[in-house]
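Reading through the structure tokens given below for one structure.
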Amino acid sequence: HPHPVLASSTSPALRFEILARCSTTKARVSKLHLPHFTADTPMFMPVGTQGTMKGLTTDQLRMLDCHVILGNTYHLGHRPGPEILEAAGGLHRFMDWDRGMLTDSGGFQMVSLLKLAEITEDGVEFESPHDGSRMLLTPEKSIELQNSIGADIMMQLDDVVSSLTTGPRVEEAMHRSIRWLDRCQRAHRYPDRQNLFPIIQGGLNPDLRRTCLDAMIARNAPGYAIGGLSGGEEKDQFWRVVTQCTDHLPEAKPRYCMGVGYAEDLVVCSALGVDMYDCVFPTRTARFGHALTRDGGLTLKFSKHGRDYRPIDDACSCYTCQNFTRAYLAALGTKETVGCHLLSIHNIAFQMRLMRDIRESIMDDSFPAFVRSFMHRYFIGAG
Ligand code: GUN
Ligand code: ZN
């Protein structure tokens, strides 16, 4: 080991080792040893399968040097379902992925995707998008599904309200998330091979966040997530909540900021001490012909790029930039499946490289200079 371990934590199914810290921010570089893989953090975790043209194959995700991917609990729980998944030896073997995997609990997707979801103390009730029948996702059911998927990290079922919600509903959702965490921990069948992360809730209210932090830290989990953000709140409110959470969470355990994926947020939250991120943004935006670059976004249009024979980014080593021009991608357009795949590959490569740059700059203690030059170029431009 060229780097001494500065701090570490060991749980039955995870070991977290901090290898470097920035001297002026809370940023750190760590090794996250999971049952299937050792991941470098801070890291971005792309969505593994979306069942649509935005999705990438496992081979492509390996080539992009992804260490951990997200599986979709609700989608897989419905089809193929828990019996087939378990008989297949879990999702790792089913989809031929030998690295890290994380599954969300499924409730958040239902509430955010379907306006028809209804939350009771029992769980999240919603109309199945497949056949219209009423379905009840309880903490126990979510863990049963996630146990059969077999991801390295599972998320608790939480009661999520929009970050713009105010009043007693925010407090109710926070307390209910604590009760649902207890039910999830009791239902968990494989604590020695799967990690269950709590999700800190409490909206934008520091007192509610503090209560939730204290209660969930007392449950002694292998790692913690920060939830209920990226819902249209002001950036300074977002940063305040992340700061409060990383100030109070145990230093030597991994911290996961859910649903965060804009480049500027990855940079700032890493400075605030966050280790893990996920977001559909890079692949979703690819569907609209949008490419991520260090000079900001680039929307490929035939009218503008039809004769532009440069790659999206001449410094990018991804398959797309090595082989195709902006003109070709603009000609394919967004209705063509191949065009979306090629843009998704580039956008995931962009996120992966950003995270690698963050890690390398923390390692050689030049992270503050990296933040300044990244922000300048991203928002103001290279020229
Ligand atoms: N994805 C983004 N935010 C959240 C959250 O607060 N809870 C869950 N379960 N998933 C999320
Ligand atoms: Zn590229």
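First listed ligand is number 1; within each ligand, the first listed atom is number 1.
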Quiz item: Looking from the Zn ion (ligand 2), what is the angle between SG on Cys318 and ND1 on His346, to the nearest 10°?
Solution: 120°
Quiz prompt | Angle subtended at the Zn ion (ligand 2) by SG of Cys316 and SG of Cys321, nearest 10° | solution = 110°
Self-check item: Atoms in ligand 1 flagged as close to Ser105, the criterion being non-hydrogen separation under 4.0 Å
Solution: 9 (N)
Exercise. Indicate, with yes or no, if the rings of Phe44 and Phe281 have centres closer together than 6.0 Å.
Key: no
Quiz item: Which of these, Asp40, Leu19, Leu354, Thr41, sits in a side-chain contact (heavy atoms from CB on, under 4.5 Å) with Arg359?
Solution: Asp40
Self-check item: Non-hydrogen atoms of Gly132 and Glu127 that approach each other most closely
Solution: O-CG, 3.0 Å
Practice problem: Heavy-atom distances under 4.0 Å are what count here, so tell me which part of Leu157 touches ligand 1: side chain, backbone, both or neither. | Solution: neither
Self-check item: Residue pair Phe350, Cys316: steps toward the side-chain contact (heavy atoms from CB on, under 4.5 Å) verdict
Solution: CA-CA 8 Å; Phe350 171 84; Cys316 181; over 6 Å; no
Quiz item: Hey, mind stepping through Arg21 and Glu251 against salt bridge (charged side-chain N to carboxylate O under 4.0 Å, His left out) and telling me if it holds?
Solution: CA-CA 11 Å; Arg21 287 195 193 94; Glu251 151 81 5; 2.9 Å; yes
Of the protein's non-hydrogen atoms, which lies at the shortest distance from [atom], and what is that distance?
atom                    : result
atom 6 (O) of ligand 1  : Gly228 N, 2.7 Å
atom 10 (N) of ligand 1 : Asp104 OD2, 2.7 Å
atom 5 (C) of ligand 1  : Asp158 OD2, 3.6 Å

Exercise. Check the angle between the aromatic planes of Phe126 and Tyr74 and answer parallel, tilted or perpendicular using the 30° and 60° thresholds.
Key: perpendicular
Quiz item: Would Gln201 count as a contact of ligand 1 if the rule is a heavy atom under 4.0 Å away?
Solution: yes
